Amino acid sequence: VARQCRPSDRRILLYVGKLVERKGIVPFLSVLSRWAAQNPRRHVELRLAGEGPESTAIGHISVPANLIVRQLGNVPYDELPCHYAAADLFVLPTLADEWGLVVNEAMAVGLPVIGSRYSQAVDELVTDGENGWLFCPDSGEQLYEVVDRALRLPWAVLLKMGDAARQRALQYAPSDVADRLAEVVTCLSRA
């Protein structure tokens, strides 16, 4: 699915995954709320695709009028591409994560990623300032700076970063990974 190109004053951020403490959504939303309060002329929407025990806490966080938080609930897998395509940025503020396939999916659609360094997928796929932004989720100030950089970016630059994200994700297509594994097996069999 191709990303929907729609220059707008509102930036749509998407998170896909469980709404559990380990995923860092509540601290991320607190920082995003602070940013929105300090930038009242900018409009942001955070869409959360997933369910979990943090849903209630998220619903109770007070946010400024220029920040909309939409809890989409559990979205069927075959409907996720439409949600990726409708977003401008993907966020993964996890406090600890193995390979989150959602990063590959978001980048394949052309979404730059605001991602935690504590995710193996982010650490491997995201190059800061090129196809997304990296931060340590245990540093609220670092996260604020990354959110500020991402949300102030001109639309044309955001699209260019999205193209770079897509190109990077396509390097991890199943056929490419299979080819790399075949090369490793060939090298090992010669050794």
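Everything numeric here is computed off the predicted structure, so don't read it as measured data.
The side-chain heavy atoms of S33 and L67, taken from C-beta on, include a pair separated by under 4.5 Å. No side-chain heavy atom of L89 sits less than 4.5 Å from a side-chain heavy atom of L14. Counting only heavy atoms from C-beta outward, the side chains of E145 and F135 never approach each other to under 4.5 Å. Two residues are said to be in side-chain contact when any heavy atoms from C-beta on lie closer than 4.5 Å; I68 and V63 fail this criterion. Side-chain contact between E105 and V103 is absent, with no heavy-atom pair separated by less than 4.5 Å. Side-chain contact between Y15 and L29 is absent, with no heavy-atom pair separated by less than 4.5 Å.
With rounding to the nearest 0.5 Å, the separation of CD in Q142 from CG in L134 is 9.0 Å. Considering CG of N104 and CD of E124, their distance stands at 10.0 Å, rounded to 0.5 Å. We find the CG-CG distance between L48 and L46 to be 4.0 Å, quoted to the nearest 0.5 Å. The CG atom of L143 sits 6.0 Å away from the CZ atom of F28 when rounded to the nearest 0.5 Å. Interatomic distance, R149 CZ to I114 CD1, rounded to the nearest 0.5 Å: 10.0 Å.
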Assess the residue pair V16 and F90 against the criterion (side chain to side chain contact (heavy atoms under 4.5 Å, CB included)); give the C-alpha distance rounded to whole Å, side-chain angles, the decisive distance to 0.1 Å, and a yes or no. CA-CA 8 Å; V16 175; F90 184 75; 4.0 Å; yes

Apply side chain to side chain donor-acceptor pair (under 3.5 Å) to Y118 and D138, showing your working. CA-CA 10 Å; Y118 301 155; D138 43 9; 2.9 Å; yes

I would like to know whether R166 and N131 meet side chain to side chain contact (heavy atoms under 4.5 Å, CB included); could you show each step before the answer? CA-CA 8 Å; R166 183 173 171 79; N131 57 14; over 6 Å; no

Side chain to side chain contact (heavy atoms under 4.5 Å, CB included) between V69 and E45: does it pass, once the steps are laid out? CA-CA 6 Å; V69 179; E45 182 175 334; over 6 Å; no

Take W133 and V147 through the side chain to side chain contact (heavy atoms under 4.5 Å, CB included) test and state the conclusion after the steps. CA-CA 9 Å; W133 301 267; V147 166; over 6 Å; no

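Using modelled atom types, one side-chain atom of N39 and one backbone atom of W35 make a donor-acceptor pair closer than 3.5 Å. No donor-acceptor distance shorter than 3.5 angstrom exists from the side chain of T127 to the backbone of E130, with no hydrogens or angles considered. With N74 contributing its side chain and E51 its backbone, the two residues share no donor-acceptor pair below 3.5 Å. Here the side chain of Q71 pairs a donor or acceptor atom with the backbone of S55 at under 3.5 angstrom. Counting only distance, with no hydrogens or angles, the side chain of N66 and the backbone of R42 share a donor-acceptor pair below 3.5 Å. In this structure, S116 contributes its side chain and P93 its backbone to no donor-acceptor pair below 3.5 Å.
D88 and R47 are not joined by a salt bridge, as no carboxylate oxygen comes within less than 4.0 angstrom of a charged side-chain nitrogen. Electrostatic pairing of D9 and R41 does not count as a salt bridge here, judged by no charged N lying under 4.0 Å from a carboxylate O.
Atom CD of E21 sits in a sparse spot, with 12 or fewer heavy atoms from other residues, nucleotides or ligands closer than 6.0 Å.
There is a path of hydrophobic side-chain contacts, each under 4.5 Å, that joins V146 to V44. When hydrophobic clusters are built by joining Ile, Leu, Val, Met, Phe, Trp and Tyr residues whose side-chain heavy atoms come closer than 4.5 Å, directly or via intermediates, I61 is grouped together with L32. Grouping the Ile, Leu, Val, Met, Phe, Trp and Tyr side chains by contacts below 4.5 angstrom, directly or via other members, places V20 apart from L72. Cluster membership for L95 and V91, using ILVMFWY side-chain heavy atoms within less than 4.5 angstrom, is not shared. Under the 4.5 Å side-chain heavy-atom criterion for Ile, Leu, Val, Met, Phe, Trp and Tyr, W155 and V157 are members of the same hydrophobic cluster.
Between A108 and A169, the shortest heavy-atom distance links the atoms N-CB, 3.5 Å. Considering every non-hydrogen atom in both G110 and P112, the closest pair reads O-CD, 3.5 Å. Across R117 and C136, no two heavy atoms sit closer than the pair CD-SG, 3.8 Å. Pairing each heavy atom of R34 with each of G140, the nearest pair is NH2-O, 3.9 Å. The two residues G50 and L19 make their nearest non-hydrogen contact at O-CD1, 3.4 Å. Closest heavy-atom contact between R22 and T94: O-OG1, 3.4 Å.
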